[in-house]
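One structure is given here, and the rest of the page talks about it.
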Amino acid sequence: MNTIRNYLESMFANLPNTPDVIRAKCELGQMMEDKYNELISEGKSDNEAVARVISEFGNLDELGDALGIRDFLNKNQNEQRQIRQVSAEEAEQYLEDRAHFSLLSGLGTFFAIICPCGVILAGTSVHASRTLMAIGVFFLLGLIAACITLHAYSSLRMSSWNFLKLEPCSIDYGTAGMINDLKRSTHSSMVLQRTISVLLFCTCYIPLVFLHLMVGTSAADGAGVVILLFMAALAVLILTVSASREKGYRILLSLGGMHFSRQSDSTGEVVYDRPAVRVVMSVFWPTVTCLYLIISFLTFAWYISWIIWPVAAVVENLIKAIFGIRKEEIQ
Amino acid sequence: MGISSDVIRGYNDTIILCLLMDEPSYGYEISRKIRTRTADAYIIKETTLYSAFTRMEKNGYVESYPGFAENGKRRTYYRITESGKRYYREKCEEWKLTKDVIEHFIREENS
């Protein structure tokens with residue numbers, strides 16, 4: 001019921017406080033309350049009842065003549081036309097596209113992480129030969145090409161949604177409610193995904209250590225590294241997909257006005273006004289990944305090279321603090 | 001296929017007046033009666049209903065008076081006036097005519 005009251009308040013927030021307007025608000029509030037109570041007594045859930053009442057409320061435009069505020073509404077409408085309305089179908093399509101293309105780019109990252117596998121296997125194999133190494137290198141180059149293609153393709157396809165970030169957009173109340181429900185219902189599966197990927201990260205060294213201690217041949221070490229890379233890659237893939245889904249909800253909900261964005265942490269979003277910094281930051285983590293892999297493979301100092309990750313995180317936060325601007329400060 | 005609000009707009013007043021002919025009523029009750037009588041085919045929006053009330057009150061077709069709901073809450077009730085009843089009959093005649101005219105152009109696609 002509070003949701004309905006807030007909705008009504010927000011609809012009337014910008015209208016002048018004439019007696020006619022106040023009376024209309026009371027009457028409409030009464031009708032909505034009656035309808036809500038009846039829906040509840042029919043056994044509908046709170047969410048369902050609220051959604052029904054709000055979707056059947058109608059358009060404030062119709063009250064223009066009844067309240068003598070036609071001029072006011074017209075003026076307001078001209079201002080509002082600048083704001084792009086995102087419909088429920090568009091929102092759903094956006095979430096679907098996001099899921100689809102984050103999976104594709106996640107696969108790209110997956111390939112990037114496992115690309116040295118061929119070379120490792122060829123290098124450590126007992127039958128090591130030039131042919132085998134050449135196949136390994138081909139494998140590596142092919143996977144890198146696939147990675148770049150997947151990333152480029154999915155970011156190109158997602159760029160049609162850039163208007164969500166660049167233009168002032170808004171979603172209506174019902175859509176925001178729907179997304180909020182969706183977000184809540186997928187919450188547990190996201191926690192599960194995150195747990196699985198953290199577990200994979202934590203355990204990916206175990207096969208390598210195990211193989212090294214139990215078998216000890218270079219071929220076994222190679223196989224251990226390959227398993228490690230596969231597990232890490234899988235963890236990154238799961239994490240990418242689930243983080244992207246969550247970010248999709250957050251982006252959409254942040255358009256929904258005050259009622260829903262409050263609980264989302266949109267404050268974390270940072271943008272950069274210098275183009276050079278923006279370019280560097282957009283490839284920050286892939287670069288760090290590459291550095292980590294290159295350094296580790298060149299030096300084989302796996303026991304210490306992980307230090308790159310915390311250092312990178314510190315560097316990222318430093319750059320954010322120095323060059324970054326919080327999104328709200330711009331708006 | 002849903003009902004077109006453009007077509008029905010001219011007859012919202014008629015629908016409401018018809019229900020008020022039976023007995024005085026209040027906002028939600030009217031909206032519910034419209035829904036049940038049309039078997040959910042037409043669900044009137046709250047804003048549509050309210051603007052119809054104010055318009056008809058201005059024209060003198062209905063009168064509003066404060067009443068109390070079962071739970072003791074204040075509620076605005078509406079009742080139809082004599083001029084409202086006259087207007088209702090006019091609209092009924094008008095609809096019959098409109099319907100006859102339109103009927104001539106409605107073709108059943110059987111063949």
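Below, chain A is the first sequence line, B the second, and so on; all start at residue 1. Everything numeric here is computed off the predicted structure, so don't read it as measured data.
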Structural part of B:R9 lying under 4.5 Å from a heavy atom of chain A: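 Neither part.
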Ion pair B:E57/A:R23, N-O distance below 4.0 Å: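 Judged by the 4.0 Å cut-off on N to carboxylate O distance, B:E57 and A:R23 do form a salt bridge.
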- request: Look at A:D34 together with B:R75 and state whether they make a salt bridge at an N to O cut-off of under 4.0 Å.
  value: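 Salt bridge flag = yes for B:R75 with A:D34.
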- request: Side-chain contact test, heavy atoms from C-beta onward, threshold under 4.5 Å: evaluate it for A:M31 versus B:S31 and give yes or no.
  value: no
query: Side chains of B:Y28 and A:E38: is there a donor and an acceptor less than 3.5 Å apart?
result: yes
query: Where is the tightest heavy-atom contact between A:V53 and B:E46, given as atom of each residue plus distance?
result: O-OE1, 4.4 Å
field: For B:K45 against A:S55, the heavy-atom pair lying closest together
entry: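 Minimum heavy-atom contact is NZ-O, 3.2 Å.
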- prompt: Can you tell me how far the OH atom of B:Y50 sits from the NZ atom of A:K25, to the nearest 0.5 Å?
  reply: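 Between B:Y50 OH and A:K25 NZ, I get 12.5 Å after rounding to 0.5 Å.
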message: With rounding to the nearest 0.5 angstrom, report the OG1 to CE distance, B:T47 to A:M11.
response: 8.0 Å
query: Can you say whether A:E56 sits under 4.5 Å from chain B via the side chain, the backbone, both, or neither, judging by heavy atoms?
result: both
